[in-house]
Amino acid sequence: MNVTGNELAGQKVRIYPVTRIQGRADIEVLFDPHHNVAEARFRALDYRGTDRMAVGMPAQRVPQVLSTACGVCGPFHKLASCMAVESACGTRVPAAAGTLRELICWLLLASSHLATITYCALPDFALPTSDAAVKNVTGIYMVDQEFVSRLSHAMTAIYDTLDIIAGNRFRIPVILPGGVSRLPAPSEIETASALLASCEDELRETVRLAEMLTRRESRMMETGTPLPGSYMCSVTDGLAALLGTEVATAPFAGGEPRALSFDEFLSSLVEEEIDWTFVKPLTVDGFDCQLVGPLARVNMGFGEDTPLAAMERARLLEQWEHPLDSEFFFLMSLALEAVWAWEKAKRLLSSISYDGECWTSLAPAAGAGRAVIDSPRGLLVHQVELDALGAVSDYRVCSPLQFNYKTLNEHLTSVAARTVGGIDIGESAAARLQMAVRSFSPCVPCGTH
Amino acid sequence: MYVSTVALGACGGCEASLLAAGEPLVSLLSEHDIGFSSLLVDRRSITPSDVVLMSGCVRNAEELRLAEEVARTSRKIVAVGTCAVYGGVAGLRRLEIERSQDEDVLPRVFAEARPLDQVMSVEMYVPGCPPPTGILFETVKALMEGVQPLRHDATVCSECDRRVARRGPARAVSSSSGPASGEGVCLLNESLLCLGPVTRGGCNASCPSVGTVCSGCRGPSDAVLSSQLHSLYSDMVSCVARTTGARRDKVAAQVEGMLDVVYTYTACDPVAMFKVRGKVPRG
Ligand code: SF4
Ligand code: SF4
Ligand code: SF4
């Protein structure tokens, strides 16, 4: 195992690569002269720079390029980019387009979470003590073929729904600056509804399994200190939403959420540059470090329009008190959100129009625009400035990993301090550190966009 | 058989597309061995593999080192995705990193992205941004079963249901991203720059099927790659002129102003760029 590679006279150990995450990264554990852990760092080793590529491009072209910032959340980047360009041009998107876009977001959230559960999260919870040859999706398949098969059925049914509704599952060609290129036909809505209906049992079962594994995991392993700082997500009427109306944040230590208008939120963002990572961490001025993503949204709460998800959430909170403040709730929050997203998608699909206006042409002119949305891994901001010819003069992306970065590294340091004994980091300590990283669902390409 | 995956300068979309295959992929992998794959297994060293699915282009010093190590130890390298095959969107601009950088701390970022075959020999190419799940899975399956994967050598047009209309009054072709207005009519007839005629198929024309232009993410078709007399630019000009009835020289001048759109995914690929070098504006 390639965890050593000590540098600086044995005071730094590198774990490379961090596995079962999106993108390339390592963990560096730094020691003091007495070989006690001084700091642990999750470092992004990849730099994409799609926001820099956008500068100079005609506004309408930018969403296509920004959709390649990240492969998993690419459609969310594309949508946020469209929304930022539309807001800079003062374009109002027809209502039917807004509904279709939202439907696509829910489908993407569900499919992305099911893929993360299957390939990245489940091995840690289902096979915690197995070695590398087994602790992966094929190992789980050998132990419980039926379950992987059912999970896979739900995931592929939702991907197929996206192919029908959005053109394809990863670049979502139906979404364009100005709206959507077309609305689904009645026959497509019927097929999509049947596909979604076929997933219900699998999704319920996934929540049950996640609950059972979380209970077992929290008994088997040290659960550590609660997560530091506050959780934060986009909300509508105080409840978590993907395309919300404001941002809300609440401390893990307890206390009421505080709502921030998008303008207030954006004006309090502080970006830092650190020399050991390509990620530029973000903080919200006046607040401790933040956690965004599934656990934040589950803590903020779901509405009555998704009764199954609300009921499952309430049931889980009877066992573990609100707020859920440990990394061990990661798997459960993914499973809960998959149900939440599925219910939202089903509702929207049943009310979607297949007729009427769905696109408005843009009239690019000098101006600034922005979009604040929630994506599978958390809050996502796109901001654009256009010159008089409608070309991009500045572009900025704020991604989930940037928001989570301080919390992640603070938490990682505390896990390292408890689990690493001296500079010879063993297999199990390395596995434990990576599990801590995975519970933040870090996406490196997104983080360095 | 040992199969591995590596993502270099990649967004992760190619890997996500492969994983979207679900159970058939898991079942196939269970019958073989996963060598190294930071996405799937917790192994940390590069071990000899029979098949390596490599996505992303080479964009920094660490990626170059990794690519060379894999090339040294593995048998078949499959370039997965348009970044790996042609450089992809990373080739759109030279990247000048704005920060001072200590190369002992973080890998040096190259200004130019490089497709994989600029640094190693590649056995097979599966372009697409990302490649469709079905094509990726079928390729992996065929390689692991020791048979030749199916080639997709037709163009996007050949999979598209839109029909070429009788010639109307010739209008200037535009690179607007706007949607189709006419039901089922070829987007070139609507004066939109659809790259379907010069792009490799296999995606079931997924963009034109929902009324948006093909932006060429599967890269040049075989016809374009087949001879030095062809290029994305010249073939596109011929096709637009033929479809719209506009004069070729006029179309050529219009398309020349949109070369950055035509070469979105291939701007750093020497083969695709051979005929238009110097004409594609890059930052
Ligand atoms: S080809 Fe497209 S999907 Fe694949 S890594 Fe490159 S940008 Fe991402
Ligand atoms: S040019 Fe585009 S719209 Fe026309 S037939 Fe080809 S792929 Fe279809
Ligand atoms: S239609 Fe063109 S841009 Fe769309 S997926 Fe196919 S090759 Fe890619």
Side-chain angles (χ1 to χ4, degrees), chain A residues 1-3 16-20 22-24 45-50 52-53 55-56 60-61 64-65 68-72 74 115 119 132 135-138 141-142 148-149 152 155-156 159 166-171 173-174 176-178 181-182 273 275-278 359 361 431 434 443 445, chain B residues 7 9-17 19-23 26-27 29-30 34 38-45 59-60 62-63 88-90 92-93 95-97 99 101-102 105-107 109 129-130 132-133 175-180 203 206-207 209-212 215 217 260-261 264 283:
Chain A
M1 174 155 155
N2 182 24
V3 292
Y16 169 85
V18 178
T19 57
R20 288 187 277 122
Q22 209 74 49
R24 270 196 338 283
L45 301 173
D46 215 354
Y47 177 74
R48 280 194 75 64
T50 47
R52 296 301 90 209
M53 285 181 210
V55 175
Q60 298 198 355
R61 225 184 136 217
Q64 183 201 355
V65 173
T68 64
C70 167
V72 178
Y119 296 105
K135 193 176 173 180
N136 58 60
V137 66
T138 59
Y141 192 64
M142 283 169 202
V148 174
S149 169
S152 159
M155 181 180 77
T156 48
Y159 277 132
N168 71 43
R169 54 189 67 181
F170 289 113
R171 291 287 173 240
V174 81
L176 296 175
S181 60
R182 57 143 223 181
E273 201 163 287
D275 62 2
W276 48 262
T277 178
F278 284 122
W359 181 76
S361 70
Q434 290 181 87
C443 179
Chain B
C11 76
C14 289
E15 290 179 320
S17 182
L19 299 189
E23 190 189 4
V26 179
S27 164
L29 292 174
S30 310
I34 305 175
S38 67
L39 189 66
L40 291 171
V41 296
D42 296 347
R43 293 208 187 87
R44 266 172 267 286
S45 48
R59 197 61 198 263
N60 70 33
E62 189 224 352
E63 286 158 8
V89 284
L92 271 174
R93 293 274 189 274
L95 262 193
E96 305 300 348
I97 193 151
R99 54 205 286 180
Q101 205 182 299
D102 180 346
V105 179
L106 282 175
V109 177
C129 184
T133 301
S175 62
S176 152
S177 56
C203 62
S206 66
C207 304
S209 74
V210 293
T212 59
S215 59
C217 85
D260 58 332
V261 177
T264 296

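A note on names: the letters A, B, ... follow the listed sequences, proteins ahead of strands, and every chain is numbered from 1.
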Answer with side chain, backbone, both or neither: which region of [X] has an atom nearer than 4.5 Å to a non-hydrogen atom of chain B?
X: A:R20; result: both
X: A:S149; result: both
X: A:A69; result: backbone
X: A:L45; result: both
X: A:M142; result: side chain

Quiz item: Which residue out of A:Q60, A:R169, A:Q22, A:R61 racks up the most heavy-atom pairs below 4.5 Å with chain B?
Solution: A:R61
Quiz prompt | Most contacts with chain B, counted as non-hydrogen pairs under 4.5 angstrom, among A:V55, A:N168, A:D46, A:V18 | solution = A:D46
Quiz item: Mind checking whether B:N60 and A:R24 have side chains closer than 4.5 Å, heavy atoms only?
Solution: yes
Under 4.5 Å from a heavy atom of chain A, the part of [X] involved:
X: B:A20; answer: both
X: B:C129; answer: both
X: B:R43; answer: both
X: B:T133; answer: side chain

Between [X] (side chain only) and [Y] (backbone N and O only), is there a donor and an acceptor less than 3.5 Å apart?
X: A:R48; Y: A:T68; result: yes
X: A:T156; Y: A:S152; result: yes
X: B:R93; Y: A:R52; result: no
X: B:S17; Y: B:C14; result: no

Practice problem: Among the options B:G88, B:A21, B:G211, B:G22, pick out the one with the most heavy-atom pairs lying under 4.5 Å from chain A. | Solution: B:G22
Exercise. Using a cut-off of under 4.5 Å on heavy-atom pairs, state which of B:C207, B:P179, B:P130 scores highest against chain A.
Key: B:P179
Quiz item: Between A:Y119 and B:E15, do the side chains contain an N or O donor and an N or O acceptor separated by less than 3.5 Å?
Solution: no
Find the distance between [atom1] ([X]) and [atom2] ([Y]) and round it off to the nearest 0.5 Å.
X: B:L40; Y: B:L29; atom1: CG; atom2: CG; value: 6.5 Å
X: A:Q64; Y: A:R171; atom1: CD; atom2: CZ; value: 9.0 Å
X: A:Y47; Y: B:L106; atom1: OH; atom2: CG; value: 12.0 Å

